[in-house]
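Everything below concerns the one structure shown next.
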Amino acid sequence: QVKAQRFAADGTAQGAEILVAADGMQPSVAMEPDGDFVVAWTKGADVWARRYSAAGVGGLPLLIGGGSDGVGAPSVAMDGDGDFVVGWLEASGLHPKVGTVISCYYAQAPCIHIDADSASIRTRRYNANGLPLGAEAVVDSSQSVSLTSASNGHVSSFTLTEPVNLGQTARVAMAADGSYVVAWSRQPIGASGYQTVTRHYSRYNIATEQPQLVRQGDGGALNPAIAMAPSGSYVLAYDTGYGGGIYVQPYTAAGAKLGPTLRADDGSFAYPRAPVLTMDKAGDFVVSWDQSWDYTLASYQLPARYYGV
């Protein structure tokens with residue numbers, strides 16, 4: 001189940017829990033200044049979203065998108081007018097096979113097996129009433145096609161297209177004017193680790209730049225998180241894998257770095273990972289992450305750090 005609970009500024013619960021979806025997981029939530037909010041989640045191989053008023057009254061669930069082979073955890077962001085954007089990863093594939101199970105098992109003709117797989121980072125904008133504002137935007141994509149054939153006891157395999165590995169999540173953050181930034185991780189062919197990259201979009205869902213490399217390290221730059229002020233200035237956080245750290249980098253609305261990259265954790269734990277961010281309208285922000293010595297509950301912690309402008 002996916003549930004929501006509203007809170008006042010002092011942490012007091014407002015009303016009862018809200019059942020968003022009876023069958024769902026991996027929720028993400030965003031709120032506008034008036035208190036209206038949107039929840040996005042996954043159900044099977046699809047991404048769904050639902051708008052709520054500040055009083056917790058929900059609209060109808062919206063089917064956002066999906067792939068035949070599944071989807072990654074979605075992310076949702078809102079602007080000051082209640083328009084919102086959802087970002088997600090989806091995967092699809094076709095796996096036709098010529099030949100019987102027995103002929104393929106014993107490598108006897110005829111046996112031809114084609115694997116055609118694709119993955120993409122996508123976004124879609126909606127207005128405050130939940131109506132789509134244009135089509136989906138494909139932020140990044142990867143394709144892989146391979147052919148396996150068997151005959152007379154011999155098996156031959158050919159890779160026709162090499163994939164670019166995309167991270168499992170895409171994160172979005174939106175300014176008051178409806179423009180937004182997407183952050184995700186990817187591993188190009190031959191790279192030693194994952195990159196963290198970003199891409200800016202206008203309020204009309206049009207990319208205003210090519211993907212911008214934030215960082216690529218030996219251990220990679222993974223699990224990006226992003227938060228944005230109404231002005232469009234934003235902060236990005238990511239982890240650098242086992243033995244690495246949690247790093248944050250503020251940016252202007254134009255995408256220029258504001259100062260040096262900062263390390264949020266103190267380096268005393270071996271597994272700092274999966275940062276999350278939130279930012280107020282002045283640009284102050286908080287980053288939190290999980291960390292442990294060995295992935296056991298005995299050493300598990302959830303620290304946070306505050307940064308002022």
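Quick caveat: nothing in here was measured; it's all calculated off a predicted structure.
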- Query: Do the side chains of Val86 and Leu62 join up, straight or via other hydrophobic residues, at under 4.5 Å, putting them in one cluster?
  - Reply: yes
- Query: Taking the six-membered ring where the residue is Trp, are the ring centres of Tyr234 and His200 under 6.0 Å apart?
  - Reply: yes
- Query: Any sub-3.5 Å donor-acceptor pair from Ser28's side-chain atoms to Val76's backbone N or O?
  - Reply: yes
- State whether the side chain of Arg125 and the backbone N or O of Phe84 hold a donor-acceptor pair below 3.5 Å, judged by distance alone. no
- Message: When you group the ILVMFWY residues by side-chain heavy-atom contacts below 4.5 Å and let the links chain together, are Tyr307 and Ile246 in the same group?
- Response: yes
- Item | Side-chain donor-acceptor contact under 3.5 Å, Asp284 with Tyr306 | yes
- Query: What closest approach, in Å, do Ala175 and Gly232 show between heavy atoms, and which atom pair accounts for it?
  - Reply: CB-CA, 3.7 Å
- Any side-chain heavy-atom pair from Arg6 and Phe37 closer than 4.5 angstrom? yes
- Message: Would you say that Val181 contacts Arg199 through its side chain, given a criterion of any heavy-atom pair below 4.5 Å between the two side chains?
- Response: no
- Task: Mark yes or no for whether Asp177, through its side chain, and Ser179, through its backbone, hold a donor-acceptor pair below 3.5 Å.
- Result: yes
- Item | From CD1 (Ile64) to CH2 (Trp88), nearest 0.5 Å | 6.5 Å
- Hey, any chance Val29 and Leu277 share a hydrophobic cluster, counting ILVMFWY side chains that come within less than 4.5 Å of each other, even indirectly? no
- Message: Please tell me whether Gln5 and Glu17 have a donor and an acceptor in their side chains that are separated by less than 3.5 angstrom.
- Response: no
- Do Gln291 and Tyr271 touch side chain to side chain, with heavy atoms closer than 4.5 Å? no
- Pair Asp239-Asn223, side-chain donor/acceptor within less than 3.5 Å: yes
- Pair Thr261-Gln249, side-chain donor/acceptor within less than 3.5 Å: yes
- Query: Are Arg122 and Glu90 ion-paired here, with the side-chain N under 4.0 Å from a carboxylate O?
  - Reply: yes
- Query: Atom CZ of Arg186 and atom OG of Ser141: how far apart are they, to the nearest 0.5 Å?
  - Reply: 8.5 Å
- Task: Please round to the nearest 0.5 Å and tell me the distance separating atom CG of Asp79 and atom CD of Glu32.
- Result: 8.0 Å
- Query: Does the pair Thr42 and Gln26 meet the rule for a side chain to side chain donor-acceptor pair (under 3.5 Å), with working shown?
  - Reply: CA-CA 6 Å; Thr42 60; Gln26 299 178 304; 3.0 Å; yes
- Look at the side chain of Thr196 and the backbone N and O of Ala221, then say whether any donor-acceptor pair between them is shorter than 3.5 Å. yes
- Task: Find the distance between CD (Gln187) and CD (Gln195) and round it off to the nearest 0.5 Å.
- Result: 9.0 Å
- Answer with yes or no whether the side chains of Trp184 and Asp140 bring together a donor and an acceptor at under 3.5 Å. yes
- Query: Would you say Ser233 and Pro250 make side-chain contact, with heavy atoms under 4.5 Å?
  - Reply: no
- Query: Can Val47 be reached from Val182 by stepping across I, L, V, M, F, W or Y side chains whose heavy atoms are under 4.5 Å apart?
  - Reply: no
- Query: Ignoring hydrogens and geometry, is there a side-chain-to-backbone donor-acceptor pair from Ser288 to Pro303 under 3.5 Å?
  - Reply: yes
- Is there a donor-acceptor pair closer than 3.5 Å between any side-chain N or O of Arg273 and the backbone N or O of Trp289? no
- Item | Heavy-atom pair with the smallest gap, counting every atom of Pro33 and Gly80 | CD-CA, 4.1 Å
- Query: How long is the gap from CD on Gln301 to CG on Asp265, to the nearest 0.5 Å?
  - Reply: 11.5 Å
- May I ask you to test the Arg50-Val38 pair for a side-chain heavy-atom distance under 4.5 Å? no
- Measuring from Thr240:OG1 to Leu222:CG, what's the distance to the nearest 0.5 Å? 8.0 Å
- Message: Test your reading of the model: is there a side-chain donor-acceptor pair from Asn129 to the backbone of Leu131, 3.5 Å cut-off?
- Response: no
- Tyr251 and Thr198, any side-chain heavy atoms less than 4.5 Å apart: no
- Query: Under 3.5 Å, is there a donor-acceptor pair linking the side chains of Asn205 and Tyr180?
  - Reply: yes
- Can you find a pair of side-chain heavy atoms, one from Asp36 and one from Arg51, that are under 4.5 Å apart? yes
- Heavy-atom side-chain contact between Leu262 and Pro260 under 4.5 Å: yes
- Message: Do Leu166 and Val139 land in one hydrophobic cluster if side-chain heavy atoms of ILVMFWY residues count as linked below 4.5 Å?
- Response: yes
- Item | Atom of Asp46, atom of Val71 and distance for their closest heavy-atom approach | O-CG2, 3.8 Å
- Query: Of all heavy-atom pairs between Ser185 and Pro224, which one has the smallest distance, and what is that distance?
  - Reply: N-CG, 4.1 Å
- Message: For Ala264, is there any backbone N or O sitting under 3.5 Å from a side-chain donor or acceptor partner on Arg305?
- Response: yes
- Query: With distance as the sole test, does Arg124 use its side chain to make a donor-acceptor pair with the main-chain N or O of Val85 at under 3.5 Å?
  - Reply: no
- Taking Thr208 for its side chain and Ser202 for its backbone only, find out whether a donor-acceptor pair lies under 3.5 Å. no
- Item | Leu236 and Val214: CA distance, side-chain angles, deciding distance, side-chain contact (heavy atoms from CB on, under 4.5 Å) verdict | CA-CA 9 Å; Leu236 185 75; Val214 175; 3.5 Å; yes
- Kindly give the heavy-atom pair with the smallest separation between Ala54 and Asp34, and that separation in Å. CB-O, 3.5 Å
- Minimum heavy-atom separation for Thr123 to Gly87, with atom names? CG2-CA, 4.0 Å
